[in-house]
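This structure is a prediction, so every number in the text was calculated from the model and none was measured. Within every chain, numbering begins at 1; the chains are lettered A, B, ... in the order of the sequence lines, protein sequences first and strands thereafter.
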Amino acid sequence: MNYKSIIADKIAKAAELNVDDVQKLIEIPPKPEMGDFAFPCFQLAKVFRKAPNLIAQELSEKIDKEGLERVETVGGYLNFFVDKASFSKGVIEKILAEKDVYGHSKIGDGKTVTIDFSSPNIAKPFHVGHLCSTAIGNSLYKILSSQGYNCVGINHLGDWGTQFGKLIAAYERWVDEEALEKEPIKELLRIYVKFHDEAEKDPSLEDIARQHFKNLEDGHEKEVKLWQKIKDVSLMEFNRIYDMLNIKFDSYAGESFYNDKMDAVVEELKQKNLLVESKGAQVVNLDEYNMPPCIILKADGASIYATRDLAAAIYRKKTYDFYKNIYVVGMDQSLHFKQVFTTLKLMGYEWADNCVHVGFGLVKFADKKLSTRKGDVIFLEDLLNEGIARAKQAIEEKNPSLENKDEVAKKVGLGAVIFTYLKNNREREIIFNFDDILSFDGETGPYVQYSYARAKSILRRAEEEKFATSADFTRLSSQEEFELVKLLASFNEAILLSIEKYEPSIVTRYIIDVAKAFNKFYNLCPILSCEDEGLKAARLSLVEATTYVIKNGLALLGIDVVEKM
RNA sequence: GCGCCUUUAGCUCAGUUGGAUAGAGCAACGGCCUUCUAAGCCGUGUGUCGGGAGUUCGAAUCUCUCAAGGCGCACCA
């Protein structure tokens, strides 16, 4: 039960209009002095053949004012001021009753969503760019789960493809087993880079690599063994990072998993007369969709990523019967996904429309380019450790007597990094800069965590006082208090909007707003020293309600709160 | 050349689906700790919303066009 629909109902009755249409028009005024909700009457002018301000005037007289403080008209706007006491009471009591599940809903019950995210390439470093897909995917997983959707997190490991031919060729020639034991990814990266250097001088190496990959696909023992070894050591390193970020997957079915499922796809394409030969390759023609063809089999008969993605999509539909099938992959691959989805549609799969590519901008560097082939990368682990180190340093400066500093530093440091990655519109590029990503001031992860810690500190002290008067919500009358209450009330709306747009940053921004409103309230309204017992209790319950919203909100981003910092 | 994305304050970015005087953070300057954690709060200043045209009561938001930057355009993923 929310106020927006109550107000929509009142307007609908007074104006004799459809409730849903009215609700869509209701907006929140730019400034609180203008009201809590507003109904613009401009569009009604045509229907009623009257000036908007007249319509607003007439409606304001006809409307049922119960539960409202007052209704004002300004020009063509009808502005509603809700009854603060009953609104605050309703919101706060709901939060305190629902606690850890406040903001959650069941709208996704019975619907399964597969989310393909993170998906690093085996044998390559997990660098700062990989956190985009990892953080966004993990957050969407949590956001969708909170609304009842059954999520399946899939780490579509890049553990197949001609790059393995290159790696095997490089391994046979230049590997240092001792280094591989100590720092596997670094050694694999070194020989991979060396391969590209050598291949420039001797192009025949490329042919050898292709042959190795062909052998791997055909199951030759030597290649399979080396591939498994490379995969094992890589996964160990990836898991260290996933553990650090507390990210789990339901499936690690990567590209290799679909190796034996591609023939069926090729066969099906043939049967449906979609496959044509072009320049020696087998492709699906997409001319009528104004796209280049989707390559299914290369001229040498080997598979390609589009083949695997087709097999994977079909497998996921069969296995999970998804409601939505989400791919959290960089924007640079949008054409590829368009091609794959269109091909699925051509195969007669209507559910192709439920496949969604959630793209994001790339991580860039101000001066240099990030290139795995040149070995020019910043490891994600180094960034995370730097964040933790800086958080530790901040603790030593600001709160040296804090207990379990390392644990707090870890949560704050990681929180700062994740928060930065989830703060802006995902389609924006990130220009990599340690100081920007690890900032602790202003609209940042630590700012929100700090707000939470302050709130918890007050609640701990209140506990000691054994405070027991019942709250008098009619006393919560200041603008700071009411603005915070209104924000807390709109948590679920923010979550639903972020689902609609596949955009975690909407939740991130919402939490920033809550923390800001809380800090304002905190600075202006005395809580523990408040002499009016009823007001004190009401303020304490508002503080407690805020802690649940911040905690639940950060959880949706994959960020932990700290009780003290 | 074609397609997609981006362009809002000195910098980094929001902008509730077309609404009221376009907002935050950072940076700069000034204030607030004998009272709940100063990683905080308050105050001060800055705008051809990339340019132009159109659609209408009303445009940062929709359409067209031009420009700048990024990405992609067949056997890498």
Side-chain angles (χ1 to χ4, degrees), chain A residues 24-25 27-31 34 38 40 42-43 45-46 51-52 74-77 79 119 121 158 160-163 166 255 278-283 290-300 302-306 308-309 329-336 338-339 359 361-362 364 391 394-395 397-399 402 412 416 423-425 427-431 433 435-436 439-451 453-462 490 493-494 497 500-501 505-506 509 512-513 515-516 519-520 522-530 539-540 543 564-565:
Chain A
K24 274 180 204 158
L25 289 175
E27 53 194 53
I28 292 166
K31 297 223 164 113
M34 296 168 162
F42 305 98
Q43 292 186 22
K46 277 182 190 154
V74 181
Y77 285 96
N79 291 340
S119 309
N121 285 331
W160 207 248
T162 46
Q163 78 223 23
K166 293 177 187 177
E255 294 174 342
S278 173
K279 296 176 186 170
Q282 296 291 316
V283 308
N290 205 14
M291 277 186 259
C294 185
I295 297 177
I296 303 297
L297 291 177
K298 299 189 285 186
D300 64 1
S303 65
I304 190 167
Y305 65 126
R308 281 186 283 276
D309 277 344
V329 181
M331 293 271 292
D332 54 342
Q333 290 187 49
S334 57
L335 176 61
H336 162 70
K338 259 193 214 166
Q339 290 175 311
L362 302 171
K364 303 207 147 193
I395 291 168
E397 281 167 21
K398 295 168 199 285
N399 194 358
L402 185 73
V412 172
K423 186 171 145 190
N424 294 330
N425 181 337
E427 292 183 354
R428 231 170 234 291
E429 291 171 3
I430 295 178
I431 307 294
N433 177 322
D435 292 335
D436 289 346
S439 164
F440 292 170
D441 298 321
E443 299 175 336
T444 63
Y447 170 76
V448 176
Q449 285 167 320
Y450 180 69
S451 310
R454 285 173 124 185
K456 287 301 257 192
S457 170
I458 290 181
L459 296 176
R460 276 193 301 273
R461 284 168 185 267
S490 65
E493 258 179 79
L497 191 60
E500 193 184 315
K501 295 187 169 179
S505 71
I506 291 170
R509 297 268 167 194
I512 291 173
D513 289 341
K516 263 192 204 169
N519 281 318
K520 203 170 251 200
Y522 178 96
N523 270 276
L524 267 90
C525 303
I527 299 160
L528 292 172
S529 59
C530 179
R539 283 181 174 167
L540 275 170
V543 171
K564 295 180 184 175
M565 70 183 272

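Contact annotation: A:S457 reaches the phosphate of B:U37 (side-chain N/O to OP1 or OP2, under 4.0 Å). Using a 4.0 Å cut-off, some side-chain N or O of A:K364 falls inside it from OP1 or OP2 of B:C71.
Residue A:D309 is classed as having no contact, given no heavy-atom separation below 4.0 Å to the nucleic acid. Using a 4.0 Å heavy-atom cutoff across all strands shown, A:E500 reaches at least one base atom of the nucleic acid. Among the heavy atoms of the strands lying under 4.0 Å from A:P292 are primed sugar atoms or P, OP1, OP2 only; no base atom is included. Within the 4.0 angstrom heavy-atom criterion, base atoms lie near A:P29. Among the heavy atoms of the strands, none lies under 4.0 Å from A:Q449. Within 4.0 Å (heavy atoms only), A:K456 reaches no atom of the nucleic acid at all. Base engagement by A:C525 is indicated by at least one non-hydrogen atom pair under 4.0 Å involving a base atom. Residue-level contact check: A:M565 touches the bases, meaning some heavy atom is under 4.0 Å from a base atom. Contact annotation for A:I395: base contact, defined as any heavy-atom pair under 4.0 Å involving a base atom. At the heavy-atom level, A:I512 lies nowhere under 4.0 Å from the strands shown. Nucleic acid contact for A:L335: sugar-phosphate only, since backbone atoms but no base atoms lie under 4.0 Å from a heavy atom of the residue. Using a 4.0 Å heavy-atom distance criterion, A:I304 is classed as a sugar-phosphate-only contact.
Residues passing the side chain to side chain donor-acceptor pair (under 3.5 Å) test with A:S490, sequence neighbours excluded: none. With sequence neighbours left out, A:Y305 forms a ring-ring contact (aromatic ring centres under 6.0 Å, His included) with A:H336. Every residue was checked against the salt bridge (Lys or Arg N to Asp or Glu O under 4.0 Å) condition with A:K398, not counting sequence neighbours, and none meets it. Here A:Q282 pairs with nothing under the side chain to side chain donor-acceptor pair (under 3.5 Å) rule; sequence neighbours left out. Every residue meeting the ring-ring contact (aromatic ring centres under 6.0 Å, His included) condition with A:Y522, not counting sequence neighbours, appears here in chain and number order: A:F518. A:T444 meets the side chain to side chain contact (heavy atoms under 4.5 Å, CB included) test with A:S439, A:P446, A:Y447; sequence neighbours excluded. The salt bridge (Lys or Arg N to Asp or Glu O under 4.0 Å) test applied to A:K456 returns A:E563, not counting sequence neighbours. For A:K423, the salt bridge (Lys or Arg N to Asp or Glu O under 4.0 Å) criterion is met by no residue, not counting sequence neighbours.
Separating the C1' atom of B:C4 from that of B:G43 is a span of 45 Å, rounded to the nearest Å. Taking atom C1' in both B:G58 and B:G18, the straight-line distance is 8 Å, to the nearest Å. Going from the P atom of B:C41 to that of B:G10 covers 24 Å, rounded to whole Å. Across B:G51 and B:A59, the matching P atoms stand 15 Å from one another, rounded to whole Å. B:U8 and B:C62 have their P atoms separated by 16 Å, with the value rounded to a whole Å. Between B:A28 and B:A9, the distance separating the two C1' atoms is 14 Å to the nearest Å.
When distances are taken from the side chain of A:R461 to each of B:U17, B:A77, B:C36, the shortest belongs to B:C36. The side chain of A:K279 lies closest to B:A74 when the candidates are B:U16, B:A74, B:U37. Taking only side-chain atoms of A:A38, from C-beta outward, the nucleotide of B:A39, B:A20, B:A74 with the closest atom is B:A20. Listed nucleotides B:C76, B:A20, B:U37 differ in distance to A:Q163; the shortest reach to its side chain belongs to B:C76.
Atom CD1 of A:I28 is separated from atom C1' of B:A22 by 18 Å (rounded to the nearest Å). The CD-C1' distance, from A:E397 to B:U37, rounds to 16 Å in whole Å. What separates NZ of A:K564 from C1' of B:A38 is a distance of 19 Å, to the nearest Å.
Note that CG of A:L528 and CZ of A:R461 are 7.5 Å apart. Values are rounded to the nearest 0.5 Å. Here the straight-line distance linking atom CZ of A:R509 with atom CG of A:N425 works out to 9.5 Å at 0.5 Å rounding. Atom NZ in A:K24 sits 11.5 Å away from atom CD in A:Q43 (nearest 0.5 Å). To the nearest 0.5 Å, atoms SG (A:C294) and NZ (A:K338) are separated by 13.5 Å.
Residue A:E27 is the one, among A:S439 and A:E27, whose nearest nucleotide of RNA chain B lies closer to the 5' end (criterion: closest heavy atom).
With hydrogens and angles ignored, the 3.5 Å screen pairs no side-chain donor or acceptor of A:N399 with any backbone N or O of A:I395.
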task = Using a 4.0 Å cut-off on protein heavy atoms (strictly under), produce a 5'-to-3' string for nucleotides 3-14 of chain B with B for base contact, S for backbone-only sugar-phosphate contact, and - for none.
result = --SSS-----SS

Watson-Crick and G-U pairing of RNA chain B, under 3.5 Å, as dot-bracket with | and [ ] = (((((((..((((.....[...)))).(((((.......))))).....(((((..]....))))))))))))....

I'd like a table of atom pairs between the protein and nucleotides 57-63 of chain B - only N or O on both sides, under 3.5 Å - with the distance next to each one.
none

Dump the pairs, protein N or O against N or O of nucleotides 40-43 of chain B, anything under 3.5 Å, distances to one decimal.
from  : atom 1 : to     : atom 2 : distance (Å)
B:G40 : OP1    : A:G442 : N      : 3.2
B:G40 : O2'    : A:R454 : NH1    : 2.6
B:G40 : O2'    : A:R454 : NH2    : 3.4
B:G40 : O2'    : A:N523 : ND2    : 3.3
B:C41 : OP1    : A:Y447 : OH     : 2.7
B:C41 : O4'    : A:N523 : ND2    : 2.9
B:C42 : OP1    : A:K520 : NZ     : 3.4

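In terms of polar N and O atoms assigned as donor or acceptor, the side chain of A:S278 comes within less than 3.5 Å of the base of B:A74 in a complementary pairing.
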